[in-house]
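First up is the structure itself, then whatever we jot down about it.
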Amino acid sequence: EAGVAQSPRYKIIEKRQSVAFWCNPISGHATLYWYQQILGQGPKLLIQFQNNGVVDDSQLPKDRFSAERLKGVDSTLKIQPAKLEDSAVYLCASSLGLAGGTTDTQYFGPGTRLTVL
Amino acid sequence: AQKVTQAQTEISVVEKEDVTLDCVYETRDTTYYLFWYKQPPSGELVFLIRRNSFDEQNEISGRYSWNFQKSTSSFNFTITASQVVDSAVYFCALSEAYGGSQGNLIFGKGTKLSVKP
């Protein structure tokens, strides 16, 4: 079974430029997550999708970050304009999306390492 | 509010030594899930184990074992006879079934384990 796919693996941009990351979840997984992992810290949730709807985007800096999952499968995370503090690894994860009251296991992709100069 | 504390920032052991990684969590929910993930230098988060709050049985999987104690809010991870391939950053994470954002993983800051030959 194929895992979570992400691209690109690495990206270097100048501040104020824009960047986009792509994620394709495990086949059949209804829930998709984007996490930001700053060096030396644990991942922090940015946004959670259930199919093509947003479940939680409370920690997404909406003035510069946006994400979509139009057809309920793959997803794109965009940053525009980028700031120096956005340098981090952006991880995508997916899970089956079980019914309420249950937390299913999230499986992570290899991540995209973003460097903002 | 939910929180995960991994007090050990870095641990260094010699191959074949046993090592225990500590994890202490805080939550107000009675139903929650605990996870351990491994992050090797390649960057991908690898799922190791998922436990729910009603199952306090310790678990063993090969050289890995987990000790869950609700009385002390701890979910410790032991590697027996460590190997060089165990070198990685290990994350403990918590997810509440009902409170806050269901399915949102709250990660600790991670423990970097170095196993030397």
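Lettering follows sequence order; numbering is per chain, from 1.
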**Study point:** chain A contact via Gln39(B) - side chain, backbone, both or neither, heavy atoms under 4.5 Å
**Key:** side chain

Point to revise | Atom group of Tyr37(B) that falls short of 4.5 Å from chain A, counting heavy atoms | key: side chain

Check your understanding: Taking the six-membered ring for Trp, are Trp36(B) and Phe75(B) parallel (under 30°), tilted (30 to 60°) or perpendicular (over 60°)?
Key -> tilted

Check your understanding: Would you call the rings of Phe35(B) and Tyr33(B) parallel, tilted or perpendicular, where under 30° means parallel and over 60° means perpendicular?
Key -> tilted

Review point. Would you say the side-chain atoms of Asp74(A) pair up with the backbone N or O of Cys23(A), donor to acceptor, closer than 3.5 Å?
Key: no

Over 12 foreign heavy atoms within 6.0 Å of [atom1], [X]:
| X | atom1 | result |
| --- | --- | --- |
| Lys71(A) | NZ | no |
| Glu85(A) | CD | yes |
| Leu84(A) | CG | yes |

Practice item. Say whether Thr27(B) and Asp29(B), considering side chains only, have a donor N or O and an acceptor N or O under 3.5 Å apart. Key: no

Review point. Tell me, side chain or backbone of Gln37(A) under 4.5 Å from chain B's heavy atoms, or both, or neither?
Key: side chain

Check your understanding: Which bit of Gln41(A) comes within less than 4.5 Å of chain B, counting heavy atoms only: side chain, backbone, both or neither?
Key -> backbone

Review point. Listed by residue number, which members of residues 107-117 of chain A have a heavy atom under 4.5 Å from any heavy atom of chain B?
Key: Tyr107(A), Phe108(A), Gly109(A), Pro110(A)

Check your understanding: In this structure, which one of Ser73(B), Ser53(B), Ser74(B) forms a side-chain contact (heavy atoms from CB on, under 4.5 Å) with Tyr25(B)?
Key -> Ser73(B)

